[in-house]
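Okay, so here's the structure we're looking at.
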Amino acid sequence: MAGKVQLITVDIGRTLGTFTGTSTAERLRALSPLADIAPHRFAETVRCLLHRAPELTSELVSQVCRRLLIPFTEFPTRWDRGYLPYPHAARALDELARIAPVVALSNMAVTGGPERVSAVRRAHLGELAAIYPSFQLGGAKPEPWLWQAIAGRHGTEVEGVVHIGDRLDADVYGALYAGARVVHIRHSGEATVYPKGSGDKVFTVFDLLDAVPVVQAWSDR
């Protein structure tokens with residue numbers, strides 16, 4: 001049986017709030033001749049390259065441009081990414097922080113990622129113990145080692161971690177395979193096909209505030 005809750009990791013986009021501005025994939029798609037014939041290449045390129053790079057170097061830009069047939073000189077130099085928290089996010093984070101330290105874990109591209117991190121930090125000043133974007137970690141959810149590494153940074157085992165997020169693949173499967181427990185914020189009409197054997201290690205809610213009593217119950221065991 002998992003122990004008490006020692007650390008809470010939360011996704012950001014569609015969990016704590018919404019990211020504003022045009023996404024990196026959409027910006028690149030608008031510049032590429034592959035937009036109509038290979039639409040999958042844009043999210044794939046962002047996920048494989050831009051989510052994992054700590055710095056936007058000329059070589060990285062060249063690599064992205066070659067993959068997507070975009071002229072190097074047309075690669076965007078501004079991204080204008082922002083963040084708007086949900087009205088209930090502050091209350092939920094405050095209540096969760098009474099149970100255990102709360103940190104954010106989010107997949108972000110190095111393009112607009114720094115702007116996003118700054119916006120999230122301003123919006124949740126004092127509410128998050130740390131923010132871990134994928135481009136700084138060097139890997140992206142659902143890679144299980146991310147939760148294991150963050151648990152180690154905070155002096156706990158991953159079995160003491162509870163992750164809260166909305167993505168079935170990135171948040172639920174990733175955290176479960178890492179050994180953490182999960183509160184899945186399910187959006188209307190989305191699937192809940194959880195891994196076999198996950199049992200009471202995953203719980204479904206429809207709102208971030210509803211995650212609080214679930215985490216509290218796990219902590220009280």
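Quick caveat, the model's predicted, so the values are computed rather than measured. Below, each value reflects all heavy atoms present in this structure, side chains not excepted, and no hydrogens, waters or symmetry copies. Along the sequence shown, residues carry numbers from 1.
- Residues that satisfy the side-chain contact (heavy atoms from CB on, under 4.5 Å) test with P76, not counting sequence neighbours, are R27, L28, L31, W79.
- When the shell of 6.0 Å around OH of Y177 is examined, it contains 12 or fewer heavy atoms from other residues, nucleotides or ligands.
- For D36, the CG atom sits in a loose shell: 12 or fewer heavy atoms of surrounding residues, nucleotides or ligands are nearer than 6.0 Å.
- In this structure, F75 places its CZ atom where more than 12 heavy-atom neighbours from other residues, nucleotides or ligands lie under 6.0 Å away.
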Which atom pairs, donor and acceptor, lie under 3.5 Å between side-chain atoms of residues 141-151 and protein residues at least two apart or in another chain?
unit_1 : atom_1 : unit_2 : atom_2 : d
K141   : NZ     : D11    : OD1    : 2.9
K141   : NZ     : L105   : O      : 3.2
K141   : NZ     : D171   : OD1    : 2.8
E143   : OE1    : W145   : NE1    : 2.7
E143   : OE2    : R52    : NH1    : 2.2
E143   : OE2    : R52    : NH2    : 2.8
W147   : NE1    : T9     : OG1    : 3.4
W147   : NE1    : H163   : ND1    : 3.3
Q148   : NE2    : A178   : O      : 3.3

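- Membership of an apolar cluster is not assigned to Y86, as no side-chain contact below 4.5 Å to another ILVMFWY residue is traced.
- When atom types are taken as modelled, the side chain of K4 and the backbone of W218 share no donor-acceptor pair closer than 3.5 angstrom.
- A search for ring-ring contact (aromatic ring centres under 6.0 Å, His included) contacts involving F206 returns nothing, not counting sequence neighbours.
- Of the possible polar contacts, none joining the K201 side chain to the R181 backbone as a donor-acceptor pair under 3.5 Å is found.
- Each side-chain hydrogen bond (donor to acceptor under 3.5 Å, both in side chains) pair with one or both residues in residues 126-135, not counting sequence neighbours, appears once here: H124-E127, Y132-H154.
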Without placing hydrogens or testing angles, list every side-chain donor-acceptor pair under 3.5 Å for residues 61-70, not counting sequence neighbours.
unit_1 : atom_1 : unit_2 : atom_2 : d
S62    : OG     : S58    : O      : 2.9
R66    : NH2    : E59    : OE2    : 3.3
R67    : NE     : T45    : OG1    : 3.4

Acceptor/donor pairs from residues 108-121 side chains to any protein atom, 3.5 angstrom cut, sequence neighbours excluded:
unit_1 : atom_1 : unit_2 : atom_2 : d
T111   : OG1    : T24    : OG1    : 2.6
E115   : OE1    : D80    : N      : 3.3
E115   : OE1    : R81    : N      : 3.4
S118   : OG     : P114   : O      : 3.2

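- Residues satisfying the ring-ring contact (aromatic ring centres under 6.0 Å, His included) test with Y173, not counting sequence neighbours, are none.
- Looking at residues two or more places apart in sequence or on another chain, you find a side-chain contact (heavy atoms from CB on, under 4.5 Å) between E157 and E159.
- Taking the ring-ring contact (aromatic ring centres under 6.0 Å, His included) definition, one finds that H184 meets it with Y194, sequence neighbours left out.
- D207 is linked by a salt bridge (charged side-chain N to carboxylate O under 4.0 Å, His left out) to nothing, counting only residues two or more places apart in sequence or in another chain.
- Using a 4.5 Å heavy-atom threshold, the side chains of L50 and L60 count as touching.
- When all heavy atoms are compared, the tightest approach of I164 to A211 is CD1-CB, 4.1 Å.
- Residues forming a side chain to side chain donor-acceptor pair (under 3.5 Å) with Q136 (at least two apart in sequence, or on another chain): none.
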